[in-house]
Structures are given as structure tokens and as C-alpha cells.
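All values below come from the heavy atoms of this structure, side chains included, with hydrogens, waters and symmetry mates left out. Here is how names work: the chains are called A, B, and so on, in the same order as the sequence lines, proteins then strands, and each is numbered from 1.
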Amino acid sequence: MADRPTAANDESPEWDAVASRRAAEALIVDVDGFEGPLDLLLTLSRTQKVDLRRVSILQLTEQYLAFIEQARELRIELAADYLVMAAWLAFLKSRLLLPPDPTEDGPSGEEMAAYLAFQLERLAAMRDCAAKLMARDRLFQDRFPRGASEQMTTAKRITYTAGLLDLMQAYARIRTRDDFRPFVLDRDSVLTMEEALDRMRGLIGYAGDWTDLMSYLPDGWQTDPKRRRSATAANFAAALELAKAGRVQIRQTETFAPIELRRRDDP
Amino acid sequence: MSDAPDSRGDSLFRAPPLAEQERMVEAMLFASTEPLTIAEMEARMPHGSDPAEAVHLLRRRYEGRGVQVTRVGDAWAIRTAADLGFLMARETVETRKLSRAAIETLAIIAYHQPVTRAEIEEIRGVTVSRGTVDQLIELEWVRFGRRRMTPGRPVTYVVTQAFLDHFGLESARDLPGLKELREAGLLESRPPDGAEADGPRDDATGDMFDDDADAQLPENDEDY
Amino acid sequence: MSDAPDSRGDSLFRAPPLAEQERMVEAMLFASTEPLTIAEMEARMPHGSDPAEAVHLLRRRYEGRGVQVTRVGDAWAIRTAADLGFLMARETVETRKLSRAAIETLAIIAYHQPVTRAEIEEIRGVTVSRGTVDQLIELEWVRFGRRRMTPGRPVTYVVTQAFLDHFGLESARDLPGLKELREAGLLESRPPDGAEADGPRDDATGDMFDDDADAQLPENDEDY
């Protein structure tokens, strides 16, 4: 990890400010392509064209802050992580430039810089590993398993299988059932068809004359719009049910006119 | 090794050595789901290869071995030697997916163990049929735990080592909680507030039942 | 693995000659698509057999052939030689292309396992999006490991036997470059020289743990 990040000061003269700015501009266009601030820092560090262990953190900090500044000027919206990193880097920069304050606690600028360099190196190493991994001779690509599985005996044993995923999903399904309860309605403002039917069966005997369906709505279901809607639908369905059974006749004189029903005496 | 497919053009008339062709035939017969004809092998091999000869060599090489190069109609396949058929007896197992009722019951036992039958029913909101638990016990994924020291002293169920082995778990406490399931992307919806739950088997099992107990009407265990 | 020592002397149950055991192992490994453990093979073979030794012989026999006897974790499988992959083009199963995030996450899990989600995020410097780990679990390359004994007791992720099989690794120790990374201290959570410093993501990481701590109710140890 060794190389002191503050070595930056010695190396910086050869850093071409113009070139790096240009690089930063190119980066801005592609800001969506970055997987977070660490990824961006790693890309910026490449412009220094040095071994990651020798990267100048101070220089990198300046590049990053310049990038954020430009993104702001261009009114590019940056995710919060990028801004958090910018704040931290600004803090780091001040720590690196100012002489250490003996009264202050916490890690020194060098330690912070070393940690950042470590993070970058570690991420780069993981990228490298990922690439090596994917380049291996892979199953179904370079290496193949047996194509045909053999069935030589007639003796069959049934085993039941389930994967961990099935198990966890089953549990999640049970435990979050309340999230998906389109079918479990809040019953207090729902009148079911059965309830309406029961009620109507009792009342229909008195309907010798045409009566408006709406007059069958139970008490307390006529004003609140929600309840009224539910009760109307239930009563209508119940009326159809009774008509099917031959108990009532239904009529409607014109579209949207009141629906009326009356008892139908046995033919 | 030597003959990448694109080198075919250069060495138009130079087929790979016969030993190499034999390797090729061996790999193809092994990986193929169906027996392969000589023509099919030839089509895949570098130009100028002689798969018939290679198969002939391969067949001799496998004489007396545990597997044999066998002729199937006008094609070739690798098959287990007839005398070793007894080893394959357990190969032909038919695997079936567990029913939804069973997997849910199993999940509840894993997450809440030791758990009584009544508690399982309370969590699932449906009656658990005898056969479901029996099946899990028969699979040796579930066994009886200690009796609960409550009225009636009901038996409890716990999961077994075989369960852990099957599901690749080191212990039942390593089962992820809802929050972790969600983070891993295994759960899509966000829970209602406060339902942010619970790793496996937290001691507050009693609390877990609360939300369910009110909302869920018991249903019949209509085998899914 | 172990030759049941007490049956050795008993001629009634003498194990078949090693050459014969090699044939048996050959037949079993050929017939099975999945890797077989020594224990699985032993269970099927005549009493007193030594499948470990037989596999060893078999592996040598297939050196340089078109198919290879490969170690997959603590199991064994036969796979075609990697250089002949081009012949099998038609057997190729089109696999879903993994995102860059998924590939990196997989590498981090493989090299740092057992690793928590917070640690993956710390290394990548971004939140692991839902669905990334999910995808890896679905491919059966990643599974849940033991919970970490730190506040919040987060679950960990580890790679599976199928992962080893897919990438042709005998064990997780054979990951490319693993030794170098360890020597460079890049598998640690801190720079090797012990320079302690707060990374910018530390605050966020702290929060992650806190979240977990809130969500997890204390667990009851006795039940295990």
C-alpha cells in the first residue's frame, strides 16, 4: 500500500491539466455508465497512467472534485453517493494540505488517503478477478457434462425436491400475504350478494307492485357512496338471481331509468 | 488442442492426427444427448477427419472398461457396461416438486421451529392436512421436537440435518429474514409498516401471529 | 474413502479388485450429469470398496483424453476437455448474459466468502441492487452461508459446488490469483499496514448494520 499518497506533490508537475480536464468532460457525458463514485475514481485514476499503488490521491481528489463541479454546471443530476464522496474528498484534501492539528482526533490525512488507495486497488483487483473468472473454461461453453443420462433400470424411486429459493419464496409469500390481499376486502363497507339475497327473499313477498330496486337498500347503506355502491350492486345481483328462480319480474323503462321489480306469482 | 476451427481453412487437406480425432469423438459421444452418426460427427470435425476410424479405435480402447462405445442403429453412443447396471439402479429416480402446501409448511417449520401444528395452521391460515406433515417426515426433512409445555402438551416439529444438507444450509438460523430476502431480490413487494420481519425463529414467535390472526379467515386446505 | 476395516479380513465380503472398482466409478461418473461425492459412490459400491483410490486411478487414466475426471469441491465429475469445446457448439445452452454488477458481485463473493452484503457494497462502493444476488442464487452459483456474529447478525453469501463446476475449479482455493491477492492484503477490509482510516462509505455502512440490528429481534439460542 506503501507509497505515500502525498507523493502526489512531487509527481504532479507532469500531470497534464488539459488532458485530464478533457478526460473529465468525456466522463461527464457518460456519467450513467459509472457504478458509483468508487468506480468513477478508479476510472479517473487511469488517467494518471501509473500503477495503482503509486496513484496520487491528492491529484485524484482534484480530478474528482473538478468532475463534480462540471457536472453541476451542466446541471447533470448526480446521485447522492457522488456528492457524499465529493464532500469526503474535499475534507481529505484539506487534511492532506494543512499541517496536522494535534488537537484533532481521528485518522490523519495520510491514513485516509491510504485507505482510499486501498479501496481503489481492491476494487481493481476484484474487477481483474471477475474477468479472469469469466475467461475460464466454463461449463456448457468449453466443457460439457454428460449429455444423456442413462436409464437402465425399471425400478423407480420418487424423490421430492425443492430448492432453497422455493423454500424462501414460500415463506415470503406467507409472511407478506397481507401485502397482496386484493381478495380480502374490508367487509364493513361491502354488502355481499348473499346478504342482499337473504334480505330480499324476505321482503319480496310484499312487492305486489313495481318497486324501485333502490328502495331495497338496507338502512345505513343509502348515504355513504362506497356502501351505497356495494349495496346497489349486491341488490341488483340478488334481483337477477330471484328473477332466474322465477320469483320476481324486473323492468327498466329506458336506459338509466330506475330498475323496478315485483313479485311474480306462480304461473 | 491443435485444431481450432478457424485453422481449417489453412490446413485444408491436413486432418488432425488420428489420436486427436479419437479424443474428439470421445468428447462428442459423451456430451451428446442422442447417439451420433458418423456423418454428424464428420460435420463437426475438422476437414478430412475420419470419424469411422476414430470410433473404431475408441471402441477398442473402451473394451472391458466401465462404459462401452455401442452401436445404436447406424449411430454411436457411450453406454454403461451391462454388468454394472446395478450401480445405476439409484440413478433412475423420479423427482417431483413438492406441493405448495408442503413447501409452505416446511418453510414455516424451518423459520419457526420448534412449532406446533396449531401454530403452523395459524401462520398459513389454513388447516394443515395430515399427509403434508407426514410427507415431510417421510422425506426426513422434518422430525418431532420436544413437546410444548402448554395445555395439551402438543408435539412440535423441527427440521433435520437432512433438511439442512438438502438446502445447502449450515444451520436453520442462517435462513435469511424477510428484510434479507428483499435485499437479495427474492421478494418483490414492500411490506406494510412494521411488518419488517424476522429472521428465522426469533423468540417472539407469539408476536408474529398477531397480524395474521386478525386478517386471515381460516380457509380449507384445498390442496393447491 | 475409508475402507471399512472390519470387513477387510472377512473373505465373504471382500471388496472387488481395485481395477473393478475403477470400472464401477467410471460407470457411475459417466452416467451422472451431476458431480458425485466419494460417499455417494461408496454407498452404491460393494462393501469395502475404496472409491477415492479408484477415482484417483481413473483420473490418471483419462489424462489427455477427450473427457476428463474433474474434482468439484468434494465431489467428482466427468467433463469434456476444454480444448474440444468447439465441437460441442450445438450442445451449447444459451445462458443469460450477466450484468457487470452481477459478475463483480460474484467475484467478490467467491474471493471474500463468506461475505455479507454490506461488505460487498463496501468493496464495490455502491449499493447492491436487488436482483443481482437473486440472479446469482437462481443460477445456483451463490447460496446463503452462516450468519456473521456481528451486530445485526447479517447473513453471508458463499459460492456453491455448481459455481466450482461451472468455472472448472477444484475448490475455492483454486480461484485464479487468490494467493497473490491474499499476500497483497487485498482480501482484508483494511490496508495491510494497519493504517486505520475512515472510508467515505463507513457512515453508510454503519447505517446498514443499524438497520439490520433493528429488524432482527434477539434470537433464542436454546432452540438449537
ask   = Relative to each other, are the rings of Phe34(A) and Phe67(A) parallel, tilted or perpendicular (30° and 60° limits)?
value =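 Rings of Phe34(A) and Phe67(A): perpendicular, as their planes differ by over 60°.
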request  = Could you label the plane-to-plane angle of the His166(C) and Trp141(C) rings as parallel, tilted or perpendicular, counting under 30° as parallel and over 60° as perpendicular?
outcome  =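 Answer is tilted, since the angle falls between 30° and 60°.
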At a heavy-atom distance under 4.5 Å, which candidate from [options] has the highest pair count against chain A?
options                        : result
Thr70(C), Leu187(C), Ile108(C) : Ile108(C)
Val67(C), Asp165(C), Thr105(C) : Asp165(C)
Ala82(C), Ala107(C), Pro176(C) : Ala82(C)

Is it the backbone or the side chain of [X] that comes under 4.5 Å from a heavy atom of chain A, or both, or neither?
X         : result
Ala81(C)  : backbone
Leu175(C) : side chain
Leu178(C) : neither

query = Does a salt bridge link Arg59(C) with Glu63(C), judged by any charged N lying under 4.0 Å from a carboxylate O?
reply =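 Salt bridge flag = no for Glu63(C) with Arg59(C).
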query = Charged N to carboxylate O below 4.0 Å: is that the case for Arg79(C) and Asp137(A)?
reply =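 Not counted as a salt bridge, because no side-chain N and carboxylate O are separated by less than 4.0 Å.
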inquiry  = Looking only at side-chain N and O atoms, does Glu122(C) offer a donor or acceptor that is under 3.5 Å from a partner on Ser189(C)?
reply    =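 Glu122(C) and Ser189(C) do not have a side-chain donor-acceptor pair below 3.5 Å.
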inquiry  = Between Arg136(A) and chain C, with a heavy-atom cut-off of 4.5 Å, which part of the residue counts as in contact: side chain, backbone, both or neither?
reply    =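 The side chain, not the backbone.
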query = Which residue pairs satisfy the salt bridge (charged side-chain N to carboxylate O under 4.0 Å, His left out) criterion with at least one member in residues 26-41 of chain C, sequence neighbours excluded?
reply =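 Qualifying pairs: Arg65(B)-Glu26(C).
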